[in-house]
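All remarks here apply to the structure that follows.
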Amino acid sequence: MALDERIYQQRREKLAAIEALGQPAYPYRYQPSISIPEILQQYGARPAEELERERISVVIAGRVMAIRAMGKAAFMQVQQHGRQLQIYVKKDAISDAAFERYRLTDIGDLIGVRGYLFRTRTGELSVHADDLTILTKALLPLPEKWHGLTDVELRYRQRYVDLFMNPEVREVFVKRSRVVQAFRRFLDGRGYVEVETPMLQPLYGGATARPFITHHNTLDIDLYLRIAPELYLKRLVVGGLERVYEINRNFRNEGISTQHNPEFTMLEFYQAYADYHDLMELTEQMFAFVAQEVNGTTRASFDGKDFDFADWQRLSMREAILKYWPEAAAPKPELADFADSARVGALVRRFNSAHSPHMPYDPNAPAGKTIADLFEAVAEEHLIQPTILYDFPLAISPLSKNKRGEEDQWVERFEVFIGGLEVGNAFSELNDPEEQRRRFEQQLRERERGDAEAHQMDEDYIRALSYGMPPAGGMGVGIDRTTMLLTDSRSIRDVILFPLLRPQKPATAEEADGQPE
RNA sequence: GGGCGCGUAGCUCAGACGGUAGAGCAUCUGCCUUUUAAGCAGAGGGUCCCGGGUUCGAGUCCCGGCGCGCUCACCA
């Protein structure tokens, strides 16, 4: 018999023994008088004599993480909300039945303990037990007490174990909750209305990505899991919700990496009568606010790199390319070098001749797309300090307004880079329905050219714009990546509770047969 | 998808040259009424990721596959 099966059987037998003592195997409720973190906070500094004098009674509940048994007495570590408190069980101090229940307690069990606070000889704050109840028995053994659960795959697949074995993991997800709360508070305080828009969409849009496809049986239609809520949120702006936001999941059927999970959480918000300059101001305030709310400081460190959420630089895409142009590829480009495909192509060749690895280059791609690629190759990795990177090529921005007063190949769009991660994307929203139609048509031509991620035509969206959308600025913020920055988590999987993993193989070879490989 | 690495007890890990599979924690038994990874004595626990091959003999070598991590590509 395998060990875990044997332990499982042993513990079922203990469960039966508990019932034989007259206690239900799985009690329905328990009423702690105080939480373990509260005890530590309120009494952690109280001296032994004071505790002895006041004899403070508590009722606590939690998971047993360690047992140090000494025959007729024992110490146990009980954990709740990621914090541990020691309890002391002494045969003379509790009923025989309660002592018997202690004897049936295993590491991993959830127990309730009534007792009073005291300090041991070594000064550790502990609960001197008067009574002990097993609330739920753990039928499976816990990971090793010293190293805990470290196998990354097991941690993701069995996050429930990861969470109670690794307090720092718990802390990351508590912070993630505070990140979301902070964004909400920031926007709620400025009069934004939170909404929910469709996840199941007959047309997908609002981003460049390949979608997941699903099917509705009754309507007998294929639907797409949304890649972005953008086009629905702007319909709401048309409808008069002048400040609107959504924090929800997007789904993109693309690669998985330390920065990409197929489902991820995005904040998108739109503000009528604002342009991208207004959003730049808002962005700087918002990230500083969120960092302060979550970590109590705007300073942060990610992957060994320090930066400050309150200290921003603004660079245009073209400036960033000039600024970070490698010496080896001298001379630095001039603004005029971005003017047409031929000159941009020359830049790429100069960069590639001096730099390895080479950036990919498709001479048939629009110049704007190549410029954006050039930016990624030359500058992106240098953007550690919070940076607003503004003015994007029209070719990769089908939903942004043209840059006012400039040549028509640039739009009013910016992205936010922090710690080398792209965490935000914003623009002055295109609200001219006829121009929007031309942009979609251009996208369709890109699609025919082989770009599977190009936008689809969305006639209803154009109709909405035709009723008139006020001038507006809109922005998307990656919640997962923002959480990575604020918790120094290098992989997006460390900030997503259940990241997508390949399902484990069926247990038997029989089941495996007939599964197409 | 490419490259690199990892996969041995419930967990964390050792296993030179190919020669009967190991440790610590956890579990079980005995002792132990203020311990701190409690201690002492003993016991049980294995599909060495899967499938082939080489060999008298494979955890170890070879081939194929699976899973995971890192990285490059793609993307947010």
Side-chain angles (χ1 to χ4, degrees), chain A residues 1-11 13-14 48 65-77 84 86-94 99 106-108 118-124 126 128 138-158 161 165 206-210 227-228 250-266 268 357-360 373 376 396 415-417 421-425 452-453 476-482 484 490-493 499 501-509 512 515 517:
Chain A
M1 195 190 296
L3 178 64
D4 56 338
E5 288 171 37
R6 217 187 50 194
I7 290 178
Y8 193 93
Q9 284 308 323
Q10 283 168 357
R11 297 203 175 178
E13 285 160 20
K14 288 185 183 180
M65 301 303 288
I67 300 176
R68 293 182 285 276
M70 291 159 300
K72 299 187 179 60
F75 291 93
M76 298 192 218
Q77 294 296 133
Q84 292 189 4
Q86 180 172 266
I87 69 160
Y88 179 54
V89 177
K90 186 163 73 164
K91 194 172 191 323
D92 294 346
I94 60 175
F99 192 73
D106 287 299
I107 292 174
F118 78 113
R119 281 188 190 280
T120 63
R121 221 168 257 165
T122 54
E124 178 159 348
S126 309
H128 203 295
L139 298 173
L140 294 172
L142 259 47
E144 197 214 357
K145 64 183 172 189
W146 193 239
H147 298 92
L149 187 70
T150 59
D151 182 283
V152 175
E153 181 179 355
L154 265 184
R155 285 185 41 230
Y156 295 152
R157 289 195 194 277
Q158 301 184 20
V161 178
M165 288 305 296
T208 54
R210 289 156 65 190
I227 59 172
N250 290 343
F251 306 86
R252 299 190 185 175
N253 203 342
E254 292 177 342
I256 294 176
S257 78
T258 50
Q259 291 175 49
H260 301 85
N261 194 62
E263 51 179 315
F264 64 101
T265 302
M266 187 101 145
E268 279 201 20
H358 287 190
M359 61 168 275
D373 290 342
E376 284 183 27
I396 58 166
E415 287 189 344
V416 177
F417 290 87
L421 295 184
E422 181 190 334
V423 294
N425 180 22
E453 297 183 340
V477 175
I479 296 295
D480 313 273
R481 288 182 180 177
T482 302
M484 288 169 68
R490 299 193 188 177
S491 170
I492 197 167
R493 293 178 158 191
L501 298 182
R502 196 178 291 275
Q504 285 170 308
K505 271 198 300 190
T508 67
Q515 297 292 326
E517 290 301 320

Nearest-angstrom distance, P atom, B/G57 to B/U20: 15 Å

Closest non-hydrogen atom pair, A/A69 against A/A74: CA-CB, 3.8 Å

Closest to the A/P141 side chain, choosing from B/U34, B/A26, B/A76: B/A26

Nucleotide opposite B/C48 in a Watson-Crick or G-U pair, distances under 3.5 Å: none

C1' gap between B/C13 and B/U35, integer Å: 27 Å

Value rounded to 0.5 Å, distance of NE2 in A/H147 from CE in A/M165: 11.5 Å

Minimum-distance nucleotide to A/K145 side chain [options: B/U35, B/C11, B/C25]: B/C25

5' priority, RNA chain B, between A/A66 and A/R119 [closest heavy atom]: A/R119

Whole-Å distance separating the CE atom of A/M165 from the P atom of B/U12: 10 Å

Complementary nucleotide of B/C25, counting Watson-Crick and G-U pairs under 3.5 Å: B/G10

Minimum side-chain heavy-atom gap A/M484-A/V423 below 4.5 Å: no

Same-atom distance (P) from B/C48 to B/G10, integer angstrom: 12 Å

A/F264 over B/A76, stacked by centroid distance under 5.5 Å, angle under 30°: yes

Minimum-distance nucleotide to A/H147 side chain [options: B/A73, B/A26, B/U12]: B/U12

Nearest listed nucleotide, side chain of A/E453, among B/C74, B/U33, B/U35: B/C74

Touch class at under 4.0 angstrom, heavy-atom based, for A/N425 against every strand present: nothing

Under-3.5 Å donor-acceptor pair between A/T150 side chain and B/U12 base: no

For B/A58, the Watson-Crick or wobble partner whose two distances fall under 3.5 Å: none

Distance, P atom - from B/G3 to B/A14, rounded to whole angstrom: 26 Å

Touch class at under 4.0 angstrom, heavy-atom based, for A/G424 against every strand present: nothing

B/C17 to B/G24 separation - P atoms, rounded to the nearest Å: 25 Å

Watson-Crick/G-U partner (both atom distances under 3.5 Å) of B/U20: none

Touch class at under 4.0 angstrom, heavy-atom based, for A/F118 against every strand present: base

Distance in angstrom units between A/I256 CD1 and B/A76 C1', rounded: 14 Å

Interatomic spacing from NZ in A/K14 to CG in A/L139 - rounded to 0.5 Å: 11.0 Å

Chi-based syn or anti call at B/A41, which uses purine or pyrimidine torsion atoms and a 90° bound: anti

Distance, rounded to the nearest Å, where A/I107 contributes CD1 and B/C25 contributes P: 12 Å

Atom-pair distance (NE2 on A/H128; C1' on B/U33), nearest Å: 9 Å

Integer angstrom distance from the P of B/A16 to that of B/G7: 13 Å

Whole-Å gap separating P (B/A76) and CD (A/E268): 12 Å

Side chain of A/D92 - closest among B/C70, B/U33, B/U12: B/U33

Distance between P atoms of B/G46 and B/C11 (Å, rounded): 14 Å

A/T208 side chain to A/E453 side chain, donor-acceptor N/O pair below 3.5 angstrom: no

Touch class at under 4.0 angstrom, heavy-atom based, for A/A69 against every strand present: base

Gap in Å between the two C1' atoms, one belonging to B/C68 and one to B/A76, rounded: 24 Å

Among B/U35, B/C11, B/A26, the one nearest A/R68 by side-chain distance: B/U35

Complementary nucleotide for B/C70 - Watson-Crick or wobble, under 3.5 Å: B/G3

Touch class at under 4.0 angstrom, heavy-atom based, for A/L154 against every strand present: sugar-phosphate

Rounded distance in Å - OH (A/Y88) to P (B/U34): 5 Å

Closest to side chain of A/K72, choosing from B/C32, B/U35, B/C25: B/C32

Sugar-phosphate only, base, or nothing, as touched by A/R210 at under 4.0 Å among non-hydrogen atoms: nothing

Short side-chain N/O contact to B/U27 OP1/OP2 from A/K14, under 4.0 Å: no

Check: A/D480 side chain, A/T265 main-chain N or O, donor-acceptor pair, under 3.5 Å: yes

CE-OG distance between A/M76 and A/S126, expressed to the nearest 0.5 angstrom: 12.5 Å

Sugar-phosphate only, base, or nothing, as touched by A/N250 at under 4.0 Å among non-hydrogen atoms: nothing

Whether A/R155 side chain and A/L149 backbone form a donor-acceptor pair below 3.5 Å: no

Toward the 5' end of RNA chain B, by each residue's nearest nucleotide, A/S491 or A/T208: A/S491

Touch class at under 4.0 angstrom, heavy-atom based, for A/L501 against every strand present: sugar-phosphate

Closest to the A/E153 side chain, choosing from B/A76, B/C68, B/U35: B/C68

Sugar-phosphate only, base, or nothing, as touched by A/D373 at under 4.0 Å among non-hydrogen atoms: nothing

Nearest-neighbour nucleotide for the A/E144 side chain, B/U35, B/A76, B/G10 considered: B/G10

Donor-acceptor pair (no angle test) under 3.5 Å: A/R121 side chain, B/U34 base: no

Counter-base of B/U35, judged by Watson-Crick or G-U geometry with both distances under 3.5 Å: none

Nearest-Å distance for atom pair CG/C1', residues A/D151 and B/G7: 9 Å

A/I67 CD1 to B/C32 P, straight-line distance once rounded to whole Å: 18 Å

A/Q259 (side chain) donor-acceptor with A/R481 (main chain) under 3.5 angstrom: no

Residue A/T258, side-chain heavy atoms: nucleotide from B/U71, B/A76, B/U34 that is nearest: B/U71

A/R210 side chain vs A/N253 backbone, donor-acceptor pair below 3.5 Å: no

Check: A/Q86 side chain, B/U35 base, donor-acceptor under 3.5 Å: yes

A/R490 side-chain N/O to B/C70 phosphate OP1/OP2 under 4.0 Å: no

